[in-house]
Amino acid sequence: MTATVPADLDAWLAAQHARTMDELFAFLRIPSVSARSEHRADCRAAAQWLADRLTHAGFTAALHDTPGHPVVLGEWRGAGPDAPTLLVYGHYDVQPAEPLELWTSPAFEPEVRDGRIYARGSVDDKGQLYLHVKALEAHLAVRGTLPVNVIVLAEGEEEVGSEHLEAFLETHKERLRCDGVVISDSTMFAPGIPSILSSLRGMAYLQIDVQGASTDLHSGMYGGAVVNPAMALARILATMHDDHGRVAIEGFYDAVQAWPDAVRAQMRTLPFDEEHFRAETGAPALGGEAGYSVLEQLWTRPTCEVNGLLSGYTGEGAKTVLPAVAMAKVSFRLVPDQDPKVIERLVAAHVARVCPTGVTATVTALHGGRPWRSELGGPLHDAGVVALEAAFGRAPVITGEGGSIPVVGDFERVLGAPVLLMGFGLPGENAHAPDEWISEENFRQGARAAATLLDAYAAAQR
Ligand code: BES
Ligand code: ZN
């Protein structure tokens, strides 16, 4: 029997679609940029907006303050103590929208073009979070009940490393006790191909500050005798890779585990056109670690990337200056079982070793998160397969991912619950970039899948 979306829920979601879009647009208009202190009130407003929508749907919902942005906690426990509990996680914070001039329509004024909803946060993650809220509302509106207990946990610091969420999980461990966690904050392999994500890379994010002279100097009067921090930093960064694209930091690969054969076999069956991937990025050629396919590079291998560089004069025209300082933001994507804390130490030791004479280099850890790989299988995974097949009319593929959701490992570790990652973004969605969008069709299908998941999960537990 092929799985189907329950007709009562399907009809409600379809009938509500226009109103749902209005609501989503209101959510998207709130510029909840977690990285910027001037948006602190906006983050709170987005959290409150979400809590209000959960309350409207029939949940008990409240904001919980953290030293950073508030956590939204919604609960519905009407299924009783013997029924399983599912936790839905998402984030209401978004990345900064800059550079603003590259947006076709303003980042916080959502606009639909060609079936795509354009706005910062449309796919990452407000749209994907809100489709779960509507799925829950569908159950409560149509049936007056949910087949399982549900906790909705939405944070406002995912885009800045989820700094306070782990402590929140620890503090509220009992209250958050659940049998599974579902997250929609990822992409599908391709349009029409629903996907379950089986791995995420971890992250160690560092800042390197290089200090030379105590002040900027005339580059003619001092250049050649005083060491230039920008050049020194370039030299330091150039030591991070060898000629084969491998990270050349001692011990960096020590904890890297071989990828499970079953997942690698699955990966090879996925139709992936490396030339199409290159063309989509606009880069003249691809690079990276030699000996691995692009999907292997992205999903199974750790990396070192410069995310930002700053030094000297960068304004209009020329200025002959020997800068006093140089700074780089450097992040490492990690794979199982690399530990962000260990990587931070290895990088600091490496920088100390290669730092040229005449400058000092300081390494500061900004944030980190563990890599994650799922076991696949179990009632939640199986329910995910059923729900995605019902909504999309075909079975999901199993994918990997190069991005990070730092809290996923914490859910498993602190709450002891398996995590199902079913995302509804699409390749080319411009997450973190100008013109971010979510497919309106995927939002619809995602909501249908999320609604079906609850029934399928309850059935799988019986
Ligand atoms: N939703 C993304 C991560 C993601 C992207 C998962 C694509 C799966 C597919 C998430 O919001 C994100 O961007 N996370 C940051 C985390 C970082 C700040 C620790 C990332 O990956 O850069
Ligand atoms: Zn996200």
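As a basis for the values below, the full set of heavy atoms in this structure was taken, side chains included, without hydrogen atoms, waters or symmetry mates. Bear in mind that the values here come from a model prediction, so they are computed numbers and not experimental data. When a ligand or atom number is given, it counts from 1 through the structure's own listing order.
- Among Asp93, Leu200, Asp185, Leu366, the residue whose heavy atom sits closest to atom 1 (N) of ligand 1 is Asp185.
- Heavy-atom proximity to atom 17 (C) of ligand 1, evaluated over Met203, Glu163, Glu429, is greatest for Met203.
- Considering backbone and side-chain atoms together, Arg333 places an N or O closer than 3.5 Å to an N or O of ligand 1.
- With 3.5 Å as the limit, one finds no donor-acceptor pair spanning the side chains of Asp209 and Gln211.
- For the Zn ion (ligand 2), the nearest N, O or S atom contributed by Asp124 is named OD1.
- Arg113 and Ser105 share a side-chain donor-acceptor pair at under 3.5 Å.
- In this pair, Phe277 and Phe272 present their aromatic rings tilted. The plane angle is within the 30 to 60° band.
- Those atoms of ligand 1 with a heavy atom of His91 less than 4.0 angstrom away are 11 (O).
- Of all atoms in ligand 1, numbered sequentially from 1 with element shown, those under 4.0 Å from a heavy atom of Ser186 are 8 (C), 9 (C).
- In Pro406, the part holding a heavy atom less than 4.0 Å from any atom of ligand 1 is the side chain.
- At least one N, O or S atom of Asp185, from either the backbone or the side chain, sits less than 2.8 Å from the Zn ion (ligand 2).
- Selection from Glu157, Glu159, His432 by nearest heavy atom to atom 18 (C) of ligand 1 gives Glu159.
- There is no side-chain donor-acceptor pair under 3.5 Å between Tyr253 and Arg246.
- Between His432 and Glu159, the side chains place a donor N or O and an acceptor N or O closer than 3.5 Å (distance only, hydrogens not considered).
- From the protein, the heavy atom lying nearest to atom 14 (N) of ligand 1 is Ser404 O, 2.9 Å.
- Annotation: side chain of Glu344 is in contact with side chain of Leu206 (closest heavy-atom distance under 4.5 Å).
- Checking only distances, Asp124 does come within under 3.5 Å of ligand 1, N or O to N or O.
- Within the 6.0 Å centre-distance limit, the rings of Phe168 and His172 are counted as a close aromatic pair.
- Here the shortest heavy-atom distance to atom 19 (C) of ligand 1, taken over Gln128, Glu401, His367, belongs to His367.
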Practice prompt. Step by step, work out the side chain to side chain donor-acceptor pair (under 3.5 Å) result for His381 and Glu375.
Written response: CA-CA 9 Å; His381 174 86; Glu375 299 294 330; over 6 Å; no
